[in-house]
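Presented below is the structure to which this report refers.
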Amino acid sequence: MTEQIEEELLELEHQGWRSLCDGTGSDFYGALMTEDGAMLLASGLSMNRSEVIASLADAAPWERYEIIEPRLLTLADGASTLLYTGRAFRMDGEPFVALMASTYVRRAGVWRLALYQQTTVDSDGSSS
């Protein structure tokens, strides 16, 4: 069961990253996040669901991304966090690299994103 949950959540993460690459992130995360969901970004921003939707509507798309060494942390029945290192690339800049934690809750049989958090990683692999 744990392996199936990890596959389901990893697929949601890939869908999210693909939406950030193709410019549909606002719609995707608007549907995925819980009503009281939040994102804590490496830039220091803390955003609620409506702020996330608004910010992604005008966000520059990523060219490509990588999900590295994902692992599942089961919190309770119907609540799990997917941890991984994410690396995203834009055409005109250095890659963005961060430790990422996406916490999902199952509501009415559907996984919903309740909390997403990033911690940037320096080139030497340490968190900042």
Side-chain angles (χ1 to χ4, degrees):
M1 184 67 163
T2 299
E3 188 174 306
Q4 178 184 349
I5 292 170
E6 183 172 354
E7 288 176 15
E8 290 173 6
L9 299 186
L10 185 56
E11 176 56 28
L12 285 173
E13 289 295 302
H14 279 291
Q15 289 176 22
W17 277 105
R18 287 191 297 265
S19 77
L20 296 174
C21 291
D22 69 19
T24 61
S26 180
D27 292 336
F28 180 80
Y29 285 99
L32 182 66
M33 290 180 74
T34 61
E35 289 298 317
D36 59 348
M39 287 193 176
L40 306 174
L41 304 181
S43 64
L45 287 175
S46 174
M47 295 189 291
N48 64 32
R49 181 177 172 273
S50 62
E51 292 167 330
V52 169
I53 293 167
S55 73
L56 290 176
D58 297 321
W62 293 100
E63 180 183 355
R64 62 187 173 90
Y65 71 93
E66 298 170 358
I67 293 177
I68 303 161
E69 296 180 359
R71 69 182 176 93
L72 185 71
L73 176 62
T74 302
L75 304 174
D77 188 32
S80 294
T81 299
L82 190 67
L83 305 164
Y84 63 94
T85 299
R87 188 176 301 142
F89 303 85
R90 288 198 169 107
M91 298 259 281
D92 59 348
E94 293 293 314
F96 172 72
V97 182
L99 302 175
M100 307 205 177
S102 296
T103 299
Y104 290 89
V105 294
R106 191 180 291 273
R107 300 226 172 123
V110 177
W111 287 111
R112 303 283 307 275
L113 182 63
L115 177 64
Y116 170 76
Q117 183 170 0
Q118 303 171 334
T119 302
T120 55
V121 178
D122 293 332
S123 59
D124 66 2
S126 63
S127 60
S128 53

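Owing to the predicted nature of the structure, the values given are computational and were not obtained by experimental measurement.
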request  = Find out whether M39 and E51 are in side-chain contact, i.e. whether some heavy atom of one side chain is under 4.5 Å from a heavy atom of the other.
outcome  = no

Contacts of type side chain to side chain donor-acceptor pair (under 3.5 Å), residue R106, not counting sequence neighbours = E8

key: Student check: side-chain heavy atoms of L56 and L20 closer than 4.5 Å   = yes

query = Do E6 and L82 have side chains that get closer than 4.5 Å, going by heavy atoms?
reply = yes

query = Side chains of W111 and L32: closer than 4.5 Å at any heavy-atom pair?
reply = no

request  = Under the side-chain contact (heavy atoms from CB on, under 4.5 Å) rule, what do L99 and V121 come out as? Steps first, then yes or no, please.
outcome  = CA-CA 7 Å; L99 302 175; V121 178; 3.6 Å; yes

For a quick test of your reading: what N or O donor-acceptor pairs under 3.5 Å do the side chains of residues 60-75 make, sequence neighbours left out?
| unit_1 | atom_1 | unit_2 | atom_2 | d |
| --- | --- | --- | --- | --- |
| Y65 | OH | H14 | ND1 | 2.7 |
| E66 | OE1 | R87 | NH1 | 2.8 |

remark   = Apart from M91 itself, members of its ILVMFWY cluster (side-chain separation under 4.5 Å) are none

Where at least one partner belongs to residues 24-33, residue pairs that pass side chain to side chain donor-acceptor pair (under 3.5 Å), sequence neighbours excluded = D22-T24

ask   = Can you name the residues that form a side chain to side chain contact (heavy atoms under 4.5 Å, CB included) with A38, not counting sequence neighbours?
value = L115

key: Minimum heavy-atom distance Y84-G86, with the two atoms named   = CD1-N, 3.7 Å

message = Quick one about E13 and Y104 (side-chain donor to acceptor, distance below 3.5 Å, no hydrogens or angles considered), yes or no?
response = yes

task = Determine whether M33 and M47 fall in the same hydrophobic cluster, where Ile, Leu, Val, Met, Phe, Trp and Tyr are linked whenever their side-chain heavy atoms lie under 4.5 Å apart.
result = yes

message = Count I, L, V, M, F, W, Y as connected when their side-chain heavy atoms are under 4.5 Å apart, and connections chain through other members. Are F28 and I53 then in the same cluster?
response = no

query = Are any non-hydrogen side-chain atoms of S102 and L113 less than 4.5 angstrom apart?
reply = yes

task = Tell me, please, which residues at least two apart from S46 pass side chain to side chain contact (heavy atoms under 4.5 Å, CB included).
result = L40

query = In terms of hydrophobic clusters joined by side-chain contacts under 4.5 Å, are L10 and L12 together?
reply = yes

message = Check for me, please, whether I5 and M100 land in the same ILVMFWY cluster - side-chain distances under 4.5 Å, paths through other members count.
response = yes

inquiry  = Please determine whether the number of non-hydrogen atoms from other residues, nucleotides or ligands lying under 6.0 Å from atom CG of D77 exceeds 12.
reply    = no

remark   = Taking every heavy atom of L9 against every heavy atom of S80, the minimum-distance pair comes out as CD1-CB, 3.9 Å

inquiry  = Can you give me the closest heavy-atom contact between W17 and A88, atom names plus distance?
reply    = CZ3-CB, 3.5 Å

ask   = How far apart are the closest heavy atoms of A114 and T34, and which atoms are they?
value = CA-OG1, 3.7 Å

